[in-house]
Participant: 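So that we are looking at the same thing, I have put the structure below in structure tokens.
Lettering follows sequence order; numbering is per chain, from 1. The structure displayed is predicted, hence computed values, not measured ones.
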2 protein chains.
Amino acid sequence: MAKPLPVLEPPAVDCCAPLTEAPLTPEQADVLARRLKALADPVRLRLVSILLASPGQEACTCDLVGPLGLAQPTVSHHLKKLAEAGIVTGDRRGVWTHYRVSTEAITALLAMLSPLR
Amino acid sequence: MAKPLPVLEPPAVDCCAPLTEAPLTPEQADVLARRLKALADPVRLRLVSILLASPGQEACTCDLVGPLGLAQPTVSHHLKKLAEAGIVTGDRRGVWTHYRVSTEAITALLAMLSPLR
DNA sequence: GTTCAATATCGACGAACGTCGATATCTCCA
DNA sequence: TGGAGATATCGACGTTCGTCGATATTGAAC
């Protein structure tokens, strides 16, 4: 658990600064890169899309292992990465941990990226 | 030069499929992840933002080395990564190579990502 | 042709990453 | 209390990545 990255809330980056006029500071670039890295993996992208396509837009770890074709610890590892970046949230209900996508986080990420367009 | 990634054009991914209903295929996830990885680096994010903030929204390698504080081969390396992903284009004018951001590529990337929101 | 400046490639190094098996933790239920 | 199933953590392995110095390539100008 190296990098807790403020969960969810629009990140510490001044996300709406006129990116086309002033370059990102190294610190802003670090925060943005950390969030992008969390999503820039084929397995984690599939995880997010599977979650969104699941009934109620949520699923437990056990439901994700099969479709991905990976070992259970590997899936837990990826879910942890996504959770650290605030992209998914997991809550334990009995034996199962139900994960769902934080659409706010995705929206915030898109908002940070769109000035680059 | 391992992965030429079709330059620019909206990638081979069916980018507008209802991502919330059908999960990404492993192949779609690979293409999307490769593009995101190109951008998911603090140095490359700063490169893109510096280019956009430059006069005429373009700059040569020599103008980028100083602001980044990295060695020239390192900057060339990152520019190559961005170019392979179609995020920037470079054209040689005499001794200088002028790089500029492909706003189409950024737009395409955002379009692929927005269904996750 | 030779020289010089801008850029790209190469080779090496340490750090970070994705994956897995083994194991620990947690929760329910008998 | 104890057992079983779901999940998380740990330790190790090979791979990829970011960085740099050294070197090669390119193009302009003399």
Participant: Rounded to the Å, how far apart are B:Lys81 NZ and C:dT9 P?
Facilitator: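 Spelled out: NZ on B:Lys81 to P on C:dT9 is 13 Å.
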Participant: With rounding to the nearest 0.5 angstrom, report the CZ to CD1 distance, A:Arg35 to A:Ile87.
Facilitator: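 Here the rounded value is 7.5 Å.
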Participant: Between atom CG in B:Leu64 and atom P in C:dA8, what is the gap in whole Å?
Facilitator: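 Those two atoms, CG and P, are 10 Å apart.
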Participant: Side-chain contact, heavy-atom cut-off 4.5 Å: B:Arg100 with B:Leu51?
Facilitator: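 Answer no - side chains too far apart.
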Participant: Whole angstrom is fine here: how far is it from CG in A:Leu36 over to C1' in C:dC17?
Facilitator: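 From A:Leu36 CG to C:dC17 C1': 17 Å.
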Participant: Going 5' to 3' along nucleotides 24-30 of chain C, which nucleotides have protein heavy atoms under 4.0 Å from the base (write B), which only from the sugar-phosphate (write S), and which from neither (write -)?
Facilitator: ---SS--
Participant: Give the nucleotide from the list C:dT19, D:dA6, C:dT7 with an atom nearest to the side chain of A:Trp96.
Facilitator: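 Nearest to the side-chain atoms of A:Trp96, counting from C-beta on, is D:dA6.
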Participant: Measure CZ/B:Arg46 against C1'/D:dT19 and give the value in whole Å, please.
Facilitator: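 B:Arg46 atom CZ is separated from D:dT19 atom C1' by 15 Å.
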Participant: Side-chain contact test, heavy atoms from C-beta onward, threshold under 4.5 Å: evaluate it for B:Leu68 versus B:Ile50 and give yes or no.
Facilitator: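 Sidechains of B:Ile50 and B:Leu68: in contact.
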Participant: Polar pairs (N or O, both sides) under 3.5 Å between protein and nucleotides 20-22 of chain D?
Facilitator:
from: D:dC20; atom 1: OP2; to: B:Ala71; atom 2: N; distance (Å): 3.1
from: D:dC20; atom 1: OP2; to: B:Thr74; atom 2: OG1; distance (Å): 2.8

Participant: So which pairs with a foot in residues 38-47 of chain B pass side-chain hydrogen bond (donor to acceptor under 3.5 Å, both in side chains), sequence neighbours left out?
Facilitator: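 Every pair satisfying side-chain hydrogen bond (donor to acceptor under 3.5 Å, both in side chains) with a residue in residues 38-47 of chain B: B:Arg44-B:His78.
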Participant: Just how far, in rounded Å, is C1' of D:dG18 from CG of B:Leu82?
Facilitator: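 Distance, rounded to whole Å: 13 Å.
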Participant: Starting at CG of A:Asp91 and ending at C1' of D:dA8, how long is that distance when rounded to a whole Å?
Facilitator: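 To the nearest whole Å, that distance equals 16 Å.
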Participant: Is any side-chain heavy atom of B:Leu36 less than 4.5 Å from a side-chain heavy atom of A:Leu45?
Facilitator: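 When only atoms from C-beta onward are counted, A:Leu45 and B:Leu36 do touch, with a gap below 4.5 Å.
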Participant: Quick one: does A:Gln72's side chain get under 4.5 Å of A:Ser76's, heavy atoms only?
Facilitator: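 A side-chain contact under 4.5 Å exists here.
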Participant: What are the two closest heavy atoms between A:Leu113 and B:Ile106, and how far apart are they?
Facilitator: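 Closest approach of A:Leu113 to B:Ile106, heavy atoms only: O-CG2, 4.5 Å.
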Participant: Show the numbers, then the answer: is there a side chain to side chain contact (heavy atoms under 4.5 Å, CB included) between B:Leu64 and B:Leu79?
Facilitator: CA-CA 10 Å; B:Leu64 300 168; B:Leu79 286 168; 4.1 Å; yes
Participant: I want to verify a distance call: between D:dT7, D:dA8, C:dG18, whose nearest atom is closest to the A:Tyr99 side chain?
Facilitator: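 Among D:dT7, D:dA8, C:dG18, the one nearest the side chain of A:Tyr99 is D:dA8.
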Participant: If the cut-off is 4.0 Å, is A:Thr97 near the phosphate of D:dA6, judged by side-chain N/O to OP1 or OP2?
Facilitator: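 No.
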Participant: Any side-chain N or O of B:His78 under 4.0 Å from OP1/OP2 of D:dT19?
Facilitator: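 For B:His78, the contact criterion (side-chain N or O under 4.0 Å from OP1 or OP2 of D:dT19) is met.
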Participant: Separation of B:Lys80 atom NZ from D:dG18 atom P, in whole Å?
Facilitator: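 Taking NZ of B:Lys80 and P of D:dG18, I get 13 Å after rounding.
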Participant: How close or far is atom P of D:dA8 from atom CD of A:Glu84, stated in whole angstroms?
Facilitator: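 Between P of D:dA8 and CD of A:Glu84: 12 Å.
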Participant: Using a 4.5 Å cut-off on heavy atoms from C-beta on, say whether the side chain of A:Leu110 contacts that of B:Leu116.
Facilitator: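 Sidechains of A:Leu110 and B:Leu116: no contact.
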Participant: Which residue lies toward the 5' end of DNA chain D, A:Lys37 or A:Thr61, if each is placed at its nearest nucleotide?
Facilitator: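 Between the two, 5'-proximity favours A:Thr61.
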